[in-house]
Amino acid sequence: MKIVLVIKYLGSKRTLVPLLTKLLEASGASTGLDLFTGTTRVAQAMKTLGMHVTSLDSASYSKVFGDTWIALDGETANHSELLDAISQLNSLTPAAGYFTQSFCIDSRYFQPFNGERVDVVREKIASDYSGTWLEAPLLASLILAADRVDSTTGVQMAYLKNWSHRSKHLLELKDPVLLAGQGVAVQGDALELTARLANVDIAYIDPPYNQHRYFGNYHVWESLVRWDKPETYGIANKRLDVRGQEFRSAFNSRPTMPAAIAKTLGDVNAETIILSYNNESWLSRDELIEICSKRGHVEVLDIDSKRYIGSQIGIYNKTGARVGEPGAKRNLEHLVLAGPKQVLAKMIESVA
Ligand SMILES: C[S@@+](CC[C@H](N)C(=O)[O-])C[C@H]1O[C@@H](n2cnc3c(N)ncnc32)[C@H](O)[C@@H]1O
């Protein structure tokens with residue numbers, strides 16, 4: 001299996017992928033949907049198993065990942081054209097612009113010498129590759145390169161008090177390693193789009209589970225992809241529209257989340273589903289089982305897992321003041337499986 005590197009991402013299912021891969025394989029599915037795909041890790045696992053995959057997320061950077069690792073076929077894409085473009089971008093002369101000013105001087109997510117590299121590469125992608133098949137993989141490669149030299153704990157609501165060790169390395173784009181196979185990447189609100197997606201054998205559903213909005217937590221990636229150079233506010237230098245209503249998700253609000261989950265589970269056109277949730281969410285294990293039981297037989301796997309690093313070491317703002325307290329180190333992930341009894345039996349047997 002090809003190992004594709006992905007960014008540090010809150011709620012990413014990096015550690016669950018081996019288990020999910022077994023479950024997906026045992027289901028015998030040949031078509032899959034990864035709703036709320038984020039980094040596309042799970043969609044990638046589906047694609048590697050040979051499924052035709054659809055990925056969906058509301059974030060612009062996630063669409064870039066979907067276009068790169070799900071929609072492009074690594075077997076037919078022109079690999080040498082991609083590598084030539086990457087090497088040309090790496091050789092550009094750094095030049096400070098919006099990114100350096102906003103995210104390296106006004107805030108400290110990256111060192112300015114790397115911000116200047118991001119600026120020149122992003123301008124070149126906009127001028128030379130916009131609308132071409134190379135745009136998405138080059139942007140994905142740029143985000144991965146920037147993530148490798150950032151100075152955060154994995155969320156962009158604050159940055160470290162002192163520059164991280166990795167931020168001192170030179171930003172360098174690498175081959176994003178495309179995957180062979182077929183797929184479709186969709187950007188939009190799951191509440192609006194799920195019912196309209198094609199029927200699949202299996203759907204993996206991994207919605208946000210608390211008030212922390214991905215749009216604000218990953219505003220730097222959002223702005224880097226959109227390249228709309230928005231005005232920013234606050235110490236974290238978030239996009240002004242983070243404060244507005246337009247990009248709010250029903251899944252991030254306690255009053256609207258239960259109905260949003262129930263609607264999504266009712267809308268999804270899949271024979272079998274795997275719903276990811278954890279014990280810090282606003283819905284209890286029993287409530288989730290009840291919602292899922294409308295889709296057929298239900299099984300639940302409870303997995304003890306490590307929480308993301310920022311919750312363990314605390315987070316600091318530009319002046320060095322602690323703005324986040326360390327929290328619990330472990331939590332319980334639930335995988336709720338729903339669908340035909342014989343399919344679920346095979347899935348459970350594969351991980352027993
Ligand atoms: C828990 S994360 C998914 C992580 C993903 N499974 C992974 O391994 O990287 C939840 C995702 O839901 C997306 N999201 C939030 N609200 C959404 C909505 N209304 N429609 C579609 N996606 C949404 C976020 O952008 C985020 O990527």
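Please read all numbers here as calculations on a predicted model, not as lab measurements. When a ligand or atom number is given, it counts from 1 through the structure's own listing order.
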Item to complete: Identify, for atom 2 (S) of ligand 1, the protein heavy atom at the shortest distance, and state residue, atom and that distance.
Response: Y214 OH, 3.3 Å
Discussion item. Taking salt bridge (Lys or Arg N to Asp or Glu O under 4.0 Å) as the cut-off, I'd like each qualifying pair that reaches into residues 163-185, sequence neighbours left out, listed once.
Written reply: D150-R166
Practice prompt. Determine, using heavy atoms of P208 and all atoms of ligand 1, whether some pair is separated by less than 4.0 Å.
Written response: yes
Item to complete: Determine whether L139 and Y129 make a side-chain contact, defined as any pair of heavy atoms from C-beta on separated by less than 4.5 Å.
Response: no
Discussion item. My understanding is that only residues two or more places apart in sequence, or in another chain, count here; which of them pass side chain to side chain donor-acceptor pair (under 3.5 Å) with T100?
Written reply: D119
Fill in: Proximity of T37 to ligand 1 by residue part, where a heavy atom lies under 4.0 Å
backbone
Item to complete: Tell me, please: is A250 in heavy-atom contact with ligand 1, that is, under 4.0 Å?
Response: no
Practice prompt. Check each atom of ligand 1 against the heavy atoms of G188 and keep those under 4.0 Å away; list them by number with element.
Written response: 20 (N), 21 (C)
Practice prompt. Between F215 and ligand 1, find which residue part has any heavy-atom pair under 4.0 Å and reply side chain, backbone, both or neither.
Written response: neither
Practice prompt. With heavy atoms under 4.0 Å as the rule, classify the contact between F251 and ligand 1 as side chain, backbone, both or neither.
Written response: side chain
Item to complete: Using ring-ring contact (aromatic ring centres under 6.0 Å, His included) as the criterion, point out the one residue from W282, F215, F36, Y277 that pairs with F251.
Response: F36
Fill in: Heteroatom distance test (Y204, ligand 1): nitrogen or oxygen, under 3.5 angstrom
no
Response to the item:
When distances are taken from atom 8 (O) of ligand 1, the protein heavy atom at minimum range is K13 N, 2.9 Å
Worksheet item: Does any donor atom in the side chain of D189 or S58 lie under 3.5 Å from an acceptor atom in the other side chain?
Response: no
Worksheet entry | atom 23 (C) of ligand 1 [closest protein heavy-atom partner, distance rounded to 0.1 Å] | S58 OG, 3.1 Å
Fill in: Value rounded to 0.5 Å, distance of OG1 in T153 from CG in L160
6.5 Å
Worksheet item: Is A190 close to ligand 1, meaning an N/O of one under 3.5 Å from an N/O of the other?
Response: yes
Worksheet item: Do side-chain atoms of S91 reach the backbone of Q88 as a donor and acceptor pair under 3.5 angstrom?
Response: yes
Item to complete: Could you check atom 3 (C) of ligand 1 against the protein and tell me its nearest heavy-atom contact, residue, atom and distance included?
Response: F36 O, 3.1 Å
Worksheet item: Under 6.0 Å between the ring centres of Y109 and H219?
Response: yes
Discussion item. For a quick check under 3.5 Å, do D57 and T37 share a side-chain donor-acceptor pair by atom type?
Written reply: no
Discussion item. Determine whether a donor-acceptor pair (N or O, by modelled atom type, separation under 3.5 Å) exists between the side chain of R285 and the backbone of V300.
Written reply: no
Worksheet item: How are the rings of W227 and Y98 set relative to one another: parallel (under 30°), tilted (30 to 60°) or perpendicular (over 60°)?
Response: perpendicular
Item to complete: For atom 19 (N) of ligand 1, find the nearest protein heavy atom and state the residue, atom name and distance (0.1 Å precision).
Response: D189 OD1, 2.9 Å
Worksheet entry | Closest candidate by heavy atom, reference atom 24 (C) of ligand 1, pool T40, T15, D57, L20 | D57
Item to complete: Could you tell me the residue and atom name of the protein heavy atom closest to atom 7 (C) of ligand 1, and the distance to it rounded to 0.1 Å?
Response: T39 OG1, 3.4 Å
Practice prompt. Enumerate the atoms of ligand 1 whose separation from the nearest heavy atom of Y9 is less than 4.0 angstrom.
Written response: 9 (O), 25 (O), 26 (C), 27 (O)
Item to complete: Could you list the atoms of ligand 1 found under 4.0 angstrom from a heavy atom of G38?
Response: 9 (O), 27 (O)
Worksheet entry | Protein heavy atom at shortest distance from atom 16 (N) of ligand 1 | S249 OG, 2.8 Å
Worksheet item: Does L191 have a heavy atom less than 4.0 Å from any atom of ligand 1?
Response: no
Fill in: Six-ring centre of F99, R122 cation under 6.0 angstrom, axis tolerance 45°
no
Response to the item:
In terms of its nearest heavy atom to atom 4 (C) of ligand 1, the top option of L35, V42, D206 is D206
Fill in: For G11, the ligand 1 atoms whose distance to one of its heavy atoms is below 4.0 Å
1 (C), 4 (C)
Fill in: Plane angle bin for Y214 and Y9 - parallel if under 30°, tilted between 30 and 60°, otherwise perpendicular
tilted
